[in-house]
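See structure below.
For the numbers below, each heavy atom of this structure counts, side chains included, while hydrogens, waters and symmetry mates do not.
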Amino acid sequence: MKKPIFIYGAGGHSKTLIDLILSLEEWEIIGVVDDGVKSGMLVMGYPVLGNAEVLPSLLDQGIISVVNAVGGIGNYQVRWRIFEHLRQMDFSFPNLIHPTAFVEKSVCLNEGIQILAKSYISSESKIGFGTLINAGVVLSHECLIGTCVNLSPGALLAGNVEVHDFAQIGMGATINLGVRIGKAARVGNSAVVKEDVPDQGRVYAGTIWPYTRTETFRTDRDFRKIA
């Protein structure tokens, strides 16, 4: 018998997660909850049940499993606030691992982790609560990934890399052996990171970190333009 589950968030990532859930043949999707989409609308055939006000009624029906589909790219706090609210209400967060992803048996997974198609998680890596590992990501041996980290499609992490809480790694970025990515740091698309990035640091798209003295990248506005 399939277990009931609902999705929080009706954006593009929710569609990816719907297909992922269907591929697992373990869950029955009850519907979608979203704070900005009209109740009754359909997301890939599944109804929007309402906003956060419907959560107590879902609990009353015994529907305790939820998937956080709020992406939070550029602002992790959006995604994290949803997690915090749902945790306070005692919802549970199953790990969703695409059938084409491969996770070694020695890997340690927390809760609420999403691992999308064709990703590989290598030996003795540890993945924190609520982390999203997008399609085609490679984590080499003994990586340490913190809470609510976002690894975008095609990110490549060498062995012993640490990515701390709320950090975001862009598409196709390469992180060298033993590098530490600090808390809430952001690494842009296709960047190459050769040394540690500080907490809340910024590595801009297409660049090599650390920068040379002639490179000047200053503001979050600049980052958004090229990330």
Side-chain angles (χ1 to χ4, degrees), residues 2-34 43-44 46 63-87 91-105 107-122 125-140 143-157 161 163-173 175 181 184 186-187:
K2 293 185 177 181
K3 297 172 286 188
I5 194 169
F6 71 96
I7 297 169
Y8 202 112
H13 188 49
S14 69
K15 298 178 181 179
T16 299
L17 292 174
I18 287 171
D19 273 334
L20 170 52
I21 293 168
L22 292 175
S23 73
L24 299 176
E25 300 182 350
E26 179 182 353
W27 303 94
E28 178 187 1
I29 301 172
I30 302 302
V32 180
V33 173
D34 192 281
V43 180
M44 291 183 66
Y46 294 95
I63 303 170
I64 62 171
S65 295
V66 59
V67 179
N68 187 355
V70 176
I73 294 295
N75 182 6
Y76 72 85
Q77 295 179 357
V78 176
R79 180 173 170 82
W80 185 240
R81 278 196 296 267
I82 300 300
F83 270 129
E84 286 189 310
H85 183 58
L86 294 169
R87 290 175 91 179
F91 283 102
S92 66
F93 304 90
N95 291 332
L96 300 178
I97 302 174
H98 195 278
T100 64
F102 194 91
V103 180
E104 298 288 2
K105 292 182 179 180
V107 171
C108 180
L109 300 177
N110 207 305
E111 296 180 296
I113 295 165
Q114 301 163 13
I115 303 178
L116 303 191
K118 302 292 186 179
S119 286
Y120 173 64
I121 316 300
S122 188
S125 292
K126 297 180 180 180
I127 315 298
F129 175 88
T131 281
L132 168 58
I133 298 175
N134 225 300
V137 170
V138 173
L139 297 185
S140 298
C143 284
L144 176 63
I145 310 299
T147 296
C148 202
V149 168
N150 192 320
L151 303 180
S152 297
L156 303 175
L157 281 65
V161 167
V163 182
H164 287 254
D165 298 350
F166 310 119
Q168 300 184 0
I169 309 297
M171 295 185 295
I175 315 298
I181 307 296
R186 286 158 58 189
V187 175

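- Note: Y76 OH to T147 OG1 = 11.5 Å, rounded to the nearest 0.5 Å.
- Judged by distance alone, with hydrogens and angles left aside, the side-chain atoms of N95 form a donor-acceptor pair with the main-chain N or O of N110 at under 3.5 Å.
- Rounding to the nearest 0.5 angstrom, the gap separating the CG atom in L24 from the CG atom in L96 is 6.0 Å.
- Panel note: side chain T100, backbone K118; a donor-acceptor pair is recorded below 3.5 Å.
- Between H164 atom NE2 and I145 atom CD1 the span is 9.0 Å, to the nearest 0.5 Å.
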Handout entry: Worked verdict on N150 versus R79 for side-chain contact (heavy atoms from CB on, under 4.5 Å)
Key = CA-CA 10 Å; N150 192 320; R79 180 173 170 82; 5.5 Å; no

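- Side-chain atoms of Q168 come within 3.5 Å of backbone N or O of G74 as a donor-acceptor pair.
- Put simply, the side chain of V32 does not reach to within 4.5 Å of the side chain of M44, judged on heavy atoms.
- Note that the CD1 atom of I115 and the CD1 atom of I97 stand 4.5 Å from one another [nearest 0.5 Å].
- Between the side chain of S152 and the backbone N or O of G172 there is no donor-acceptor pair closer than 3.5 Å.
- Residues V163 and I175 form no side-chain contact, since every pair of their non-hydrogen atoms from C-beta on lies 4.5 Å or further apart.
- In terms of heavy atoms, D165 sits closest to G146 at OD1-CA, 3.4 Å.
- To the nearest 0.5 Å, the span separating CD on E111 from OG on S92 amounts to 7.5 Å.
- The two residues I7 and G9 make their nearest non-hydrogen contact at CG2-O, 3.6 Å.
- Under a cutoff of 6.0 Å and an axis angle of 45°, K2 and W27 do not form a cation-pi pair.
- Between K15 and V43, the shortest heavy-atom distance links the atoms CG-CG1, 4.1 Å.
- Between I133 and S119, the shortest heavy-atom contact is CG2-OG, 3.9 Å.
- Looking at S125, its side chain does come within 3.5 Å of a backbone N or O of S140 through a donor-acceptor pair.
- Between the OG atom of S14 and the CG atom of L20 there is a distance of 12.0 Å, given to the nearest 0.5 Å.
- Looking only at side-chain heavy atoms (C-beta outward), N134 and L116 come within less than 4.5 Å of each other.
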Practice task
I would like to know whether H98 and T16 meet side-chain contact (heavy atoms from CB on, under 4.5 Å); could you show each step before the answer?
Solution key: CA-CA 11 Å; H98 195 278; T16 299; over 6 Å; no

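- Nearest approach of P94 to I5, heavy atoms of both residues: CG-CD1, 3.8 Å.
- Aromatic rings of F93 and F83 (six-membered ring for Trp) have centroids within the 6.0 Å cut-off, being under it.
- Taking all atoms of both residues into account, the shortest heavy-atom contact from T131 to V149 is OG1-N, 3.1 Å.
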